[in-house]
Amino acid sequence: MLNLVKMDLHRLVYTISTWVMMVLVIVAAFFCVALTADISDRYSSVVSILEMLFHGRLFMVLCSVFVTIFVNAEQRYGYVKNLGGSISHRSQLVMSKIVAVAIIQNLI
């Protein structure tokens, strides 16, 4: 199980969609700052600006698209055929994906 989680984390770090999502979150944060003209009055710190971004719907949409792309990547590239014979239960594969996505989402 630990090897599956390590494999998924490695795939997450080296997947282009991970970096694209991080860049989109950063661009969205800067866009939110640019839209507010009186930034010094309304938002006193960077943390409050990020809270404004995360309370919006854009961050949740980006996260759901990212998770969908990551979970379906094995079927898309045919890698699931190789994993089928190396694990004893399919539930291990599902749990490793849940753990890896939870770790990455907490880091972002």
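At least one donor-acceptor pair closer than 3.5 Å links the side chain of Thr18 to the backbone N or O of Leu12. A distance-only check finds a donor-acceptor pair linking the side chain of Trp19 to the backbone of Val13 [under 3.5 Å].
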Indicate every side-chain donor-acceptor pair of residues 1-9 with a distance under 3.5 Å to a residue at least two apart or in another chain.
from, atom 1, to, atom 2, distance (Å)
Asp8, OD1, Arg11, NH1, 3.3
Asp8, OD1, Lys97, NZ, 3.3
Asp8, OD2, Ser96, OG, 2.8

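Using a 30° and 60° split on the angle between ring planes, Phe70 and Phe66 fall in the parallel class, below 30°.
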